[in-house]
Amino acid sequence: MNKIIEIVSSLDTNQVYAELSHPNSGGICVFFGAVREFTNNEQVTGLEFETYEAMALKEMNKLADTALEKWGLNKVVIKHAIGKKEVQEPVVVVGASSAHRSACFEACRFLIDTLKETIPIWKKEIFKNKSVWVSAHP
Amino acid sequence: MEILFFGITKDIVGSSQVKLDFENEVPKSVGELKMKLERKYPEFSKLSSLAVAVNSEYADDNVQLQTNDEVAIIPPVSGG
(Lines give C-alpha, C1' and ligand atoms only; values in the text may rest on other atoms or scores of the structure.)
Protein backbone atom coordinates (compact mmCIF):
# COMPACT_ATOMS: atom_id res chain seq x y z
CA MET A 1 0.00 0.00 0.00
CA ASN A 2 1.55 3.35 -0.98
CA LYS A 3 -0.81 5.36 1.27
CA ILE A 4 -1.98 5.01 4.84
CA ILE A 5 -5.07 7.06 5.68
CA GLU A 6 -6.65 6.87 9.13
CA ILE A 7 -8.92 8.61 11.60
CA VAL A 8 -7.87 7.37 15.05
CA SER A 9 -8.67 7.96 18.70
CA SER A 10 -4.99 8.42 19.54
CA LEU A 11 -1.87 8.74 17.40
CA ASP A 12 1.03 6.32 17.78
CA THR A 13 4.01 8.49 16.87
CA ASN A 14 6.40 5.52 16.72
CA GLN A 15 4.78 3.77 13.77
CA VAL A 16 5.34 6.47 11.18
CA TYR A 17 8.94 5.75 10.18
CA ALA A 18 8.18 2.11 9.44
CA GLU A 19 5.07 3.10 7.50
CA LEU A 20 6.99 5.53 5.28
CA SER A 21 10.15 3.49 4.88
CA HIS A 22 10.69 2.23 1.31
CA PRO A 23 13.69 0.76 -0.55
CA ASN A 24 13.57 3.58 -3.14
CA SER A 25 13.26 6.36 -0.56
CA GLY A 26 16.33 8.28 0.48
CA GLY A 27 14.24 10.97 2.18
CA ILE A 28 11.40 10.73 4.69
CA CYS A 29 9.67 13.86 5.93
CA VAL A 30 7.08 13.96 8.72
CA PHE A 31 4.98 16.74 10.24
CA PHE A 32 3.17 16.37 13.57
CA GLY A 33 0.56 18.82 14.81
CA ALA A 34 0.13 18.99 18.59
CA VAL A 35 -2.01 20.77 21.17
CA ARG A 36 -0.52 24.15 22.11
CA GLU A 37 -1.14 25.59 25.55
CA PHE A 38 -1.82 29.22 24.60
CA THR A 39 -4.04 30.90 22.01
CA ASN A 40 -3.62 34.70 21.97
CA ASN A 41 -2.25 34.59 25.52
CA GLU A 42 -5.27 32.63 26.75
CA GLN A 43 -4.59 29.30 28.40
CA VAL A 44 -6.06 26.31 26.60
CA THR A 45 -6.86 23.26 28.72
CA GLY A 46 -7.46 20.99 25.72
CA LEU A 47 -8.89 20.55 22.24
CA GLU A 48 -11.85 18.50 21.15
CA PHE A 49 -11.98 17.17 17.59
CA GLU A 50 -14.89 15.77 15.66
CA THR A 51 -15.22 14.63 12.07
CA TYR A 52 -17.59 13.56 9.32
CA GLU A 53 -15.62 10.36 9.00
CA ALA A 54 -16.86 8.92 5.69
CA MET A 55 -16.19 12.21 3.92
CA ALA A 56 -12.92 12.93 5.76
CA LEU A 57 -11.46 9.57 4.69
CA LYS A 58 -12.56 10.18 1.10
CA GLU A 59 -11.00 13.66 1.05
CA MET A 60 -7.80 12.41 2.72
CA ASN A 61 -7.50 9.72 0.03
CA LYS A 62 -7.86 12.33 -2.73
CA LEU A 63 -5.25 14.49 -1.02
CA ALA A 64 -2.80 11.57 -0.77
CA ASP A 65 -3.36 10.67 -4.45
CA THR A 66 -2.70 14.27 -5.52
CA ALA A 67 0.61 14.35 -3.59
CA LEU A 68 1.70 10.87 -4.73
CA GLU A 69 1.26 11.91 -8.33
CA LYS A 70 2.54 15.48 -8.15
CA TRP A 71 5.82 14.65 -6.37
CA GLY A 72 6.27 11.03 -7.49
CA LEU A 73 6.30 9.87 -3.87
CA ASN A 74 6.84 6.29 -2.78
CA LYS A 75 4.62 6.52 0.29
CA VAL A 76 2.22 8.90 2.03
CA VAL A 77 0.75 8.84 5.54
CA ILE A 78 -2.15 11.02 6.70
CA LYS A 79 -3.65 10.37 10.15
CA HIS A 80 -5.83 12.53 12.34
CA ALA A 81 -6.94 11.93 15.90
CA ILE A 82 -10.42 12.84 17.13
CA GLY A 83 -11.91 13.22 20.60
CA LYS A 84 -10.53 15.19 23.53
CA LYS A 85 -6.77 15.94 23.46
CA GLU A 86 -4.60 17.52 26.11
CA VAL A 87 -1.71 19.99 25.82
CA GLN A 88 1.31 18.42 24.06
CA GLU A 89 -0.67 15.48 22.70
CA PRO A 90 -0.18 14.80 18.96
CA VAL A 91 -3.38 15.30 16.93
CA VAL A 92 -2.31 14.99 13.30
CA VAL A 93 0.53 13.49 11.32
CA VAL A 94 1.32 13.79 7.63
CA GLY A 95 4.39 12.23 6.06
CA ALA A 96 5.90 11.52 2.67
CA SER A 97 8.82 9.48 1.42
CA SER A 98 10.67 9.98 -1.85
CA ALA A 99 13.97 9.31 -3.61
CA HIS A 100 15.36 12.74 -2.63
CA ARG A 101 14.50 15.16 0.16
CA SER A 102 13.10 18.14 -1.76
CA ALA A 103 10.05 16.21 -2.99
CA CYS A 104 9.06 14.93 0.45
CA PHE A 105 9.64 18.33 2.13
CA GLU A 106 7.38 20.07 -0.40
CA ALA A 107 4.77 17.31 -0.31
CA CYS A 108 4.61 17.39 3.49
CA ARG A 109 3.92 21.13 3.51
CA PHE A 110 1.23 20.68 0.86
CA LEU A 111 -0.39 17.80 2.78
CA ILE A 112 -0.80 19.69 6.07
CA ASP A 113 -1.80 23.01 4.43
CA THR A 114 -4.46 21.35 2.27
CA LEU A 115 -5.70 19.13 5.11
CA LYS A 116 -6.41 22.26 7.14
CA GLU A 117 -8.42 23.78 4.28
CA THR A 118 -10.49 20.88 2.99
CA ILE A 119 -10.81 17.91 5.35
CA PRO A 120 -14.09 17.90 7.32
CA ILE A 121 -12.63 17.90 10.82
CA TRP A 122 -13.51 20.49 13.44
CA LYS A 123 -11.77 21.54 16.62
CA LYS A 124 -13.08 23.22 19.70
CA GLU A 125 -10.63 25.04 21.96
CA ILE A 126 -11.43 24.45 25.60
CA PHE A 127 -10.48 27.29 27.96
CA LYS A 128 -11.10 27.48 31.71
CA ASN A 129 -14.47 29.20 31.42
CA LYS A 130 -15.53 28.78 27.80
CA SER A 131 -15.06 26.76 24.64
CA VAL A 132 -14.80 28.03 21.05
CA TRP A 133 -15.13 26.33 17.64
CA VAL A 134 -11.96 27.39 15.83
CA SER A 135 -12.40 29.52 12.65
CA ALA A 136 -16.20 29.36 12.84
CA HIS A 137 -16.61 33.14 12.81
CA PRO A 138 -14.73 35.79 10.81
CA MET B 1 -35.27 15.76 4.58
CA GLU B 2 -32.59 14.28 6.88
CA ILE B 3 -29.56 16.50 7.36
CA LEU B 4 -26.29 15.92 9.24
CA PHE B 5 -24.76 18.80 11.20
CA PHE B 6 -21.21 19.14 12.48
CA GLY B 7 -19.12 21.50 14.61
CA ILE B 8 -20.75 24.81 15.38
CA THR B 9 -23.79 24.09 13.20
CA LYS B 10 -24.54 21.07 15.39
CA ASP B 11 -24.53 23.37 18.43
CA ILE B 12 -26.77 25.94 16.69
CA VAL B 13 -29.30 23.30 15.62
CA GLY B 14 -28.96 21.36 18.88
CA SER B 15 -28.51 17.95 17.26
CA SER B 16 -26.17 16.12 14.89
CA GLN B 17 -28.97 14.74 12.73
CA VAL B 18 -32.25 16.48 12.09
CA LYS B 19 -35.24 15.70 9.95
CA LEU B 20 -36.20 19.13 8.68
CA ASP B 21 -39.73 19.97 7.76
CA PHE B 22 -39.73 22.60 5.02
CA GLU B 23 -43.54 22.72 4.86
CA ASN B 24 -43.88 21.11 1.44
CA GLU B 25 -41.21 23.39 0.03
CA VAL B 26 -38.42 20.84 -0.05
CA PRO B 27 -35.28 22.52 -1.41
CA LYS B 28 -34.38 21.28 -4.89
CA SER B 29 -30.77 22.42 -4.94
CA VAL B 30 -27.88 22.98 -2.55
CA GLY B 31 -28.22 26.76 -2.95
CA GLU B 32 -31.91 26.63 -2.06
CA LEU B 33 -31.18 24.46 0.98
CA LYS B 34 -28.59 26.96 2.23
CA MET B 35 -31.06 29.83 1.83
CA LYS B 36 -33.75 27.97 3.75
CA LEU B 37 -31.35 26.98 6.51
CA GLU B 38 -30.13 30.56 6.92
CA ARG B 39 -33.73 31.70 7.21
CA LYS B 40 -34.50 29.02 9.81
CA TYR B 41 -31.23 29.47 11.74
CA PRO B 42 -30.08 33.12 11.44
CA GLU B 43 -26.84 32.23 13.30
CA PHE B 44 -25.71 30.35 10.16
CA SER B 45 -25.26 33.59 8.21
CA LYS B 46 -22.72 34.83 10.80
CA LEU B 47 -20.30 31.96 10.06
CA SER B 48 -17.09 32.49 8.04
CA SER B 49 -18.35 30.00 5.44
CA LEU B 50 -20.97 27.33 4.99
CA ALA B 51 -20.48 24.37 2.66
CA VAL B 52 -22.73 21.45 1.88
CA ALA B 53 -21.74 17.87 1.14
CA VAL B 54 -23.99 15.57 -0.86
CA ASN B 55 -23.18 11.87 -0.50
CA SER B 56 -19.92 12.86 1.23
CA GLU B 57 -18.63 15.08 -1.60
CA TYR B 58 -18.47 18.89 -1.53
CA ALA B 59 -21.40 20.19 -3.61
CA ASP B 60 -21.80 23.57 -5.36
CA ASP B 61 -24.97 25.62 -5.01
CA ASN B 62 -26.30 24.37 -8.37
CA VAL B 63 -26.17 20.64 -7.43
CA GLN B 64 -29.69 19.16 -7.44
CA LEU B 65 -30.89 17.26 -4.36
CA GLN B 66 -32.52 13.83 -4.56
CA THR B 67 -34.65 12.32 -1.78
CA ASN B 68 -32.16 9.60 -0.89
CA ASP B 69 -29.07 11.81 -0.80
CA GLU B 70 -27.00 12.02 2.37
CA VAL B 71 -26.82 15.75 2.96
CA ALA B 72 -24.36 17.26 5.45
CA ILE B 73 -23.71 20.83 6.53
CA ILE B 74 -20.00 21.69 6.66
CA PRO B 75 -19.10 24.80 8.71
CA PRO B 76 -15.53 26.19 8.43
CA VAL B 77 -13.18 23.22 8.88
CA SER B 78 -10.39 23.44 11.46
CA GLY B 79 -8.48 20.18 11.53
CA GLY B 80 -4.76 19.98 12.13
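Reckoned from all heavy atoms, side chains included, excluding hydrogens, waters and symmetry mates. All figures in this text were calculated on a predicted structure; none of them were measured in a lab.
In the hydrophobic clustering of this structure, A/Ile4 does not group with A/Trp71; members are Ile, Leu, Val, Met, Phe, Trp, Tyr whose side-chain heavy atoms approach within less than 4.5 Å, directly or through other members. A/Trp133 and A/Val92 end up in different hydrophobic clusters when Ile, Leu, Val, Met, Phe, Trp and Tyr side chains are linked at under 4.5 Å. A continuous path of Ile, Leu, Val, Met, Phe, Trp and Tyr side chains, each step under 4.5 Å between heavy atoms, connects A/Leu63 with A/Val91, placing both in one hydrophobic cluster. Both B/Ile73 and B/Val63 belong to a single network of hydrophobic side chains, linked directly or stepwise wherever heavy atoms of I, L, V, M, F, W or Y lie under 4.5 Å apart. Hydrophobic clustering (side-chain heavy atoms under 4.5 Å, transitive across Ile, Leu, Val, Met, Phe, Trp, Tyr) keeps A/Val8 apart from A/Val35.
Within a 6.0 Å sphere centred on OH of A/Tyr17, heavy atoms belonging to other residues, nucleotides or ligands number 12 at most. Atom OH of B/Tyr58 has more than 12 heavy atoms from other residues, nucleotides or ligands within 6.0 Å. Shown here is A/Asn24, whose CG atom has more than 12 heavy atoms of other residues, nucleotides or ligands within 6.0 Å. The neighbour count for A/Gln43 CD, taken as heavy atoms of other residues, nucleotides or ligands under 6.0 Å away, is above 12. Environment of CD in A/Gln15: crowded, with over 12 heavy atoms of neighbouring residues, nucleotides or ligands closer than 6.0 Å.
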- Query: Do B/Glu70 and A/Met55 pass the side-chain contact (heavy atoms from CB on, under 4.5 Å) test, and can you show the C-alpha distance, the side-chain angles, and the key distance before you say yes or no?
  - Reply: CA-CA 11 Å; B/Glu70 180 172 290; A/Met55 181 178 177; over 6 Å; no
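Heavy-atom distances place the side chain of A/Phe49, and not its backbone, under 4.5 Å from chain B. Within the 4.5 angstrom heavy-atom criterion, atoms from both the backbone and the side chain of A/Val134 approach chain B. When heavy atoms are compared at a cutoff of 4.5 Å, B/Asp11 approaches chain A solely by way of its side chain, counted from C-beta outward. Interface remark: A/Glu59 contributes side-chain atoms only to the contact with chain B (heavy atom separation under 4.5 Å). Contact annotation for B/Leu4: only side-chain heavy atoms (C-beta onward) come within less than 4.5 Å of a heavy atom of chain A. With a threshold of 4.5 angstrom between heavy atoms, A/Lys58 approaches chain B through side-chain atoms but not through N, CA, C or O. Only the side chain of A/His80 comes within contact range of chain B, with heavy atoms under 4.5 Å apart.
Of the possible donor and acceptor atoms, one in the side chain of A/Lys123 sits under 3.5 Å from a partner among the backbone N and O of B/Gly80.
Residue B/Leu47 comes nearest to A/Pro138 through the heavy atom pair C-CD, 4.2 Å, listed as atom of the first residue, atom of the second, then distance. Taking all atoms of both residues into account, the shortest heavy-atom contact from B/Phe6 to A/Thr51 is CE2-O, 3.6 Å. Shortest non-hydrogen contact noted between A/Ser135 and B/Pro76 is O-CB, 3.3 Å. Residue A/Glu117 comes nearest to B/Val77 through the heavy atom pair O-CG2, 3.4 Å, listed as atom of the first residue, atom of the second, then distance. Nearest heavy atoms, A/Tyr52 versus B/Ala53: CE2-CB, 4.2 Å. When all heavy atoms of A/Ala54 and B/Ser56 are compared, the pair lying nearest together is C-CB, 4.5 Å.
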